[in-house]
Amino acid sequence: MTEQFSKKAEAWSARFSEPVSDLVKRYTASVFFDKRLAMFDIQGSLAHAEMLAAQGIITASDRSEIERGMAQIKSEIEAGSFEWLLDLEDVHLNIEKRLTELVGDAGKRLHTGRSRNDQVATDIRLYVRAAIDDVVALLNQLRSALTDVAERHFDTIMPGFTHLQVAQPITFGHHMLAYVEMFGRDAERMLDARRRVNRLPLGAAALAGTTFPIDRLRVAKTLGFEDVCHNSLDAVSDRDFAIEFTAAASLIMMHVSRMSEELVMWISPRIGFIDIADRFCTGSSIMPQKKNPDVPELARGKTGRVYGHLASLLTLMKGQPLAYNKDNQEDKEPLFDTVDTVLDTLRIFTDMAGGITVKADNMRAAALQGYATATDLADYLVKKGLPFRDAHEAVAHAVRACDQAGVDLSEMSLETLQGFSPLIEDDVFAVLTLEGSVAARDHVGGTAPNQVRKAIERVRGQLKD
Ligand code: ARG
């Protein structure tokens, strides 16, 4: 028996007669990625030990030895001096082995009434719960930064698009607040998922529960879980909560990606609506004139990676019979990378959004180019008594004439306009201006500067709670 194998054999069993090959060891080990769960693993173990002692399953002195050992392990991990061993397979066995080195038999008693199956499910739930709290806090920071931009530009006019063609004038503040709404729903979705994440699997042991007189509610309370998982087989095997988190994360990235696409277009000199600070851009190694919006482009690209993780997790789960299977070890890397990607993206977006500078003249000029007030003219005729479909038709003729003459609707003479409908009078010019057009959409959810201000107040109220 090699020295390395003896370490491994100690970890689970003396039942095996030959060592696993190095390749199998590497293939099955998870310590190099699941060591990220270390602090949650310790937190779960301490809660378990506390309950074991309270129930008289271990002694009070075993419990305090376990606490002493865990405190030492924590500081070793924080200091970077903890020695992670591939031979010990995963984060759980590495910590337990070190604990036993430090405190002897008390360390060996920690695993009473528990299995790595319910232990790892508990760790991941603690990890996802903390990730949700970080994501929600960052979403709120991003919403706040976008709301600040909206406030600075509550009446800055830009063209609103449908089919990427100028449709109607809108305010830039209104456009920013559209993203504030999306990210608000994303935060709600995360908080909703949190309720289902926040259940305690511990006590399920390997799959069937344990013969020891445990108190699961006590552990749940210590760890801040709202309840226990009510079926031991389900508790150790399902990762639906991780899938739900990744699905909610995918929606965040989808929104980020849509926004990125707009930023990239707006920054393009062909459009020139905004600028972002140089620190979010890079130059080209060959074309000296270039300033490339790398950050939004990468965010758009990284969206695919998070969608990929969602597909991985769904696929990981779909063929698994009850209860725990080792397949589940594969849940961690997609989950960790999802968390890293979403958190970094939200951080960088918050910073970048705060530094958006708006080129209001370019926005205005673009809004004047596409007959953006044509609907206003149709609405004007309707208010004078013309049925909407007839108004639509009259304005279509007017737009065609503008196109031929190369002028905007607001630049036509009154006489020319009256040729399209005798109902047109000289009050028409008030509705044909960009300012008149946006100001007229003055109802909840509309683009009027007045409404943008109200919407900002509403969001600020939400962000305060
Ligand atoms: N490293 C394992 C995982 O992540 C821990 C549970 C292992 N349980 C087992 N019976 N092999 O899923």
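Heavy atoms only: backbone and side chains are in, while hydrogens, waters and symmetry mates are out. Counting starts at 1 for both ligands and their atoms, following the listed order. Numbering of residues begins at 1 and proceeds along the displayed sequence.
In E89, neither the side chain nor the backbone holds a heavy atom less than 4.0 Å from any atom of ligand 1.
Residue-ligand proximity, K332 to ligand 1, at heavy-atom distances under 4.0 Å covers atoms 3 (C), 4 (O), 12 (O). Taking a cut-off of under 4.0 Å to the non-hydrogen atoms of D90, the atoms of ligand 1 that pass are 1 (N), 2 (C), 5 (C). Taking a cut-off of under 4.0 Å to the non-hydrogen atoms of S30, the atoms of ligand 1 that pass are 1 (N).
Of all protein heavy atoms, the one closest to atom 11 (N) of ligand 1 is R116 NH2, 3.6 Å. Nearest protein heavy-atom contact of atom 9 (C) of ligand 1 is N117 OD1, 3.4 Å. Scanning all protein heavy atoms for the shortest distance to atom 7 (C) of ligand 1 gives Y324 OH, 3.5 Å.
Not close to ligand 1: Q119, with no non-hydrogen atom less than 4.0 angstrom away.
The only option from W266, F154, F273 that meets the ring-ring contact (aromatic ring centres under 6.0 Å, His included) definition with H175 turns out to be W266. Considering I95, D123, L99 as possible partners of I42, the one that fulfils the side-chain contact (heavy atoms from CB on, under 4.5 Å) test is I95.
Looking only at distances, no side-chain donor or acceptor of N198 sits under 3.5 Å from a matching main-chain atom of R195.
Closest non-hydrogen pair, A49 versus I58, comes out as O-CD1, 3.8 Å.
Between R218 and E50, at least one side-chain nitrogen of the basic residue sits less than 4.0 Å from a carboxylate oxygen of the acidic one, meeting the salt-bridge criterion. Under 4.0 Å is where a charged nitrogen must lie from a carboxylate oxygen, and between K97 and E101 at least one such pair does.
Any N or O atom pair closer than 3.5 Å counts here, and Q329 shares at least one such pair with ligand 1.
Environment of NZ in K291: crowded, with over 12 heavy atoms of neighbouring residues, nucleotides or ligands closer than 6.0 Å.
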